[in-house]
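Data first, discussion second: the structure below is written as structure tokens.
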There are 2 protein chains.
Amino acid sequence: MTFMTAARTTPADPPQLGLRERKKIKTRQAIRAATYALIEEQGYDATTIEQIADRAEVSPSTVFRYFPTKEDIVITDAWDPVMTEELRTRPLDESWAATLRHVMRTALDRSLAEEPEVTRLRTRLGVEVPAVRARMIESTAATGRLLRDALAERSGLDPDSLELRVFAMSVMGGLMEVSHYWAETGHRDDIRDLVDRALDVLEHGLPTGKA
Amino acid sequence: MTFMTAARTTPADPPQLGLRERKKIKTRQAIRAATYALIEEQGYDATTIEQIADRAEVSPSTVFRYFPTKEDIVITDAWDPVMTEELRTRPLDESWAATLRHVMRTALDRSLAEEPEVTRLRTRLGVEVPAVRARMIESTAATGRLLRDALAERSGLDPDSLELRVFAMSVMGGLMEVSHYWAETGHRDDIRDLVDRALDVLEHGLPTGKA
DNA sequence: CCGCGAAGTGGCGGTAACTCTCATAAGCTT
DNA sequence: AAGCTTATGAGAGTTACCGCCACTTCGCGG
């Protein structure tokens with residue numbers, strides 16, 4: 001579930017990490033920062049790995065060591081563990097829609113608070129750059145599997161059954177579209193409201209009735 | 001909507017096309033055939049454009065003239081126009097699920113009849129090769145827009161509203177998963193049954209109740 | 001039936017995202 | 001401080017894809 005997420009950066013984690021670890025984190029951040037800056041300046045396609053490496057003051061090889069693909073630099077989702085945790089802490093008898101509502105809101109609040117610009121840039125790129133969108137969808141699909149497991153627990157259905165898989169992916173498809181809509185309309189709305197509306201649709205069908 | 005589709009090949013279209021046109025069609029088919037053969041032999045990644053060009057007896061440049069990307073050689077979807085037509089001919093008061101059921105069945109019947117092997121290979125590649133999957137999803141999203149318009153007509157809702165967009169994409173997400181499931185389970189089931197079951201879920205929610 | 005414009009093709013050089021390998025350097029351990 | 005581990009840089013190689021130019025082939029009007 002990449003599309004609206006922040007990567008962990010600010011939270012105080014410099015307790016007793018070795019110099020090595022701290023340097024790695026710094027490098028990682030430097031690469032991401034360089035990438036975002038360059039993309040804002042020149043656009044995604046025009047930004048090459050070499051430029052990113054230069055600005056981050058590392059070698060191109062190092063960039064690839066930290067991120068498997070260019071898209072991944074943009075995406076960097078530290079979110080799935082958070083979501084897993086959130087999902088797990090919700091009461092089992094809560095409706096899936098309520099659970100999702102809660103989980104999404106938590107994630108979005110955090111993401112918007114920590115890195116609002118990045119969050120927006122990311123969804124924008126998801127609309128504009130096919131490769132980024134593709135990568136995001138992969139990530140969303142992974143989250144869908146999490147959701148599937150949660151739904152399986154709640155419903156007693158087999159998580160590998162066609163029914164549950166279809167259901168989970170359909171929900172994720174709907175949520176994907178929210179991100180798309182948000183970016184396409186210039187981030188005009190509060191995405192949390194959009195998510196709420198989307199969940200209404202997913203839960204009860206289209207407003208006018210038949211669904 | 002690529003994932004389960006056949007490209008038009010066999011239907012008799014050699015009425016009075018110029019030599020040029022006929023050659024183009026032949027070249028196109030040759031490239032596709034070469035690609036499928038090579039992929040069966042060696043796998044997708046191991047198959048290079050050069051090999052494809054060699055076997056199809058054209059130059060690499062020509063391959064790219066016919067298909068914008070390697071994935072597109074595999075995908076080649078002549079289906080959207082067919083789907084549009086089908087959607088249009090259905091009565092407006094039919095439920096969306098019934099319409100989709102009909103449209104999907106028509107398409108699948110044709111696809112399975114014309115190019116069963118290719119249909120299977122394609123869905124398999126959709127599972128195995130991220131790039132192909134990505135391309136398929138794009139195609140599915142396009143079909144989603146078609147569906148959206150059809151739903152707008154039927155419901156009177158604004159096709160650009162968040163609600164309708166979310167709904168349409170959620171349906172497409174569910175259908176995508178069917179293709180994935182079909183391929184993952186080794187094409188054991190009849191995909192048309194799977195689609196029916198998926199549409200049941202999308203229409204009525206999960207079997208055991210809460211949805 | 002011929003010649004001329006248009007369209008299809010091949011070849012080539014370039015770019016950029018990756019991958020692999022190897023040597024060096026930097027951090028960690030005892 | 002020596003020695004092991006791990007991160008880094010440099011370079012060479014692969015491959016998808018793009019743009020350009022020259023050549024052939026086709027189809028049409030005179």
Side-chain angles (χ1 to χ4, degrees), chain A residues 14-32 34-35 38-39 41-76 125 128-136 138, chain B residues 14-32 34-35 38-39 41-76 125 128-136 138:
Chain A
Q16 254 46 350
L17 288 193
L19 210 186
R20 234 192 196 121
E21 293 304 310
R22 269 174 291 156
K23 230 178 191 166
K24 267 169 82 170
I25 292 174
K26 266 213 229 156
T27 305
R28 207 182 163 76
Q29 279 181 318
I31 294 172
R32 291 216 320 139
T35 305
L38 284 165
I39 289 179
E41 288 169 26
Q42 328 172 330
Y44 182 86
D45 288 333
T47 301
T48 74
I49 298 283
E50 217 188 320
Q51 293 173 336
I52 295 171
D54 275 0
R55 182 161 312 194
E57 310 204 77
V58 294
S59 79
S61 336
T62 299
V63 174
F64 283 116
R65 259 199 213 53
Y66 278 81
F67 301 93
T69 72
K70 193 173 153 189
E71 302 96 73
D72 281 282
I73 308 178
V74 168
I75 307 272
T76 308
L125 291 176
E128 288 166 8
V129 184
V132 173
R133 175 169 50 250
R135 190 64 195 68
M136 283 180 175
E138 294 294 316
Chain B
Q16 252 44 352
L17 288 191
L19 211 185
R20 233 179 194 137
E21 294 302 310
R22 268 176 289 154
K23 229 175 194 171
K24 265 169 82 170
I25 292 173
K26 266 214 225 152
T27 305
R28 205 182 164 76
Q29 280 182 317
I31 294 172
R32 292 216 318 140
T35 305
L38 284 165
I39 289 178
E41 289 169 24
Q42 328 170 330
Y44 181 86
D45 288 334
T47 301
T48 73
I49 298 283
E50 215 187 321
Q51 292 172 337
I52 294 171
D54 276 358
R55 183 162 310 194
E57 311 204 79
V58 294
S59 78
S61 336
T62 298
V63 174
F64 282 116
R65 264 195 205 81
Y66 278 81
F67 301 93
T69 71
K70 191 174 156 189
E71 301 96 73
D72 281 280
I73 307 178
V74 167
I75 306 273
T76 308
L125 292 176
E128 288 166 8
V129 185
V132 173
R133 176 170 49 248
R135 189 66 195 66
M136 284 179 175
E138 294 294 317

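Quick caveat: nothing in here was measured; it's all calculated off a predicted structure. Throughout, a chain's letter reflects where its sequence line sits, starting with A, and its residues are numbered from 1.
Residue order along DNA chain C, read from the 5' end via each residue's closest nucleotide, puts B/Thr27 first among B/Thr27 and A/Pro68. When each of A/Arg65 and A/Thr47 is assigned the nucleotide of DNA chain C bearing its nearest heavy atom, the one mapping closer to the 5' terminus is A/Thr47.
At a cut-off of 3.5 angstrom, counting only N and O atoms as typed in the model, there is a donor on one side and an acceptor on the other between the side-chain of B/Ser61 and the base of C/dG11.
Residue A/Glu71 is classed as a sugar-phosphate contact, given heavy-atom separations below 4.0 Å to backbone atoms only. Nucleic acid contact for B/Tyr66: sugar-phosphate only, since backbone atoms but no base atoms lie under 4.0 Å from a heavy atom of the residue.
Taken from CD1 in A/Ile39 to CD1 in A/Ile73, the straight-line distance is 8.0 Å, to the nearest 0.5 Å.
Counting non-hydrogen atoms of neighbouring residues, nucleotides and ligands closer than 6.0 angstrom, the CD atom of A/Gln42 exceeds 12 such neighbours.
Following rounding to the nearest Å, B/Asp72 (CG) and D/dA16 (C1') show an atom-to-atom distance of 13 Å. Atom CD in B/Gln42 sits about 11 Å away from atom P in D/dT15, given to the nearest Å. To the nearest angstrom, C1' of D/dA16 lies 13 Å from CD of B/Gln51. Between A/Glu50 atom CD and C/dA17 atom P the separation is 9 Å, expressed in whole Å. Rounding to whole angstrom units, CG of residue A/Asp45 and C1' of C/dA16 are separated by 11 Å. Nucleotide C/dT9 holds its P atom 12 Å from the CZ atom of B/Phe67, rounded to whole Å. One can place CZ of A/Phe64 at 17 Å from P of D/dG11, the figure rounded to the nearest angstrom. Between A/Glu21 atom CD and D/dT6 atom P there is a gap of 11 Å when expressed in whole angstrom units.
In the set C/dA6, C/dG10, D/dA16, D/dA16 carries the atom at the smallest distance from any side-chain atom of B/Ile49.
Although no hydrogens or angles enter the test, the distance criterion places a donor-acceptor pair under 3.5 Å between the side chain of B/Gln51 and the main chain of B/Thr48.
A side chain to side chain contact (heavy atoms under 4.5 Å, CB included) with B/Lys70 is found for exactly one of B/Ile49, B/Val129, B/Ile75, namely B/Ile49.
Put simply, B/Lys23 has no side-chain N or O that comes within less than 4.0 Å of OP1 or OP2 on C/dG8. Within the 4.0 Å cut-off from OP1 or OP2 of C/dC18, not a single side-chain nitrogen or oxygen of A/Lys70 is found.
A/Arg32 places none of its side-chain heavy atoms less than 4.5 Å from the side chain of A/Tyr66.
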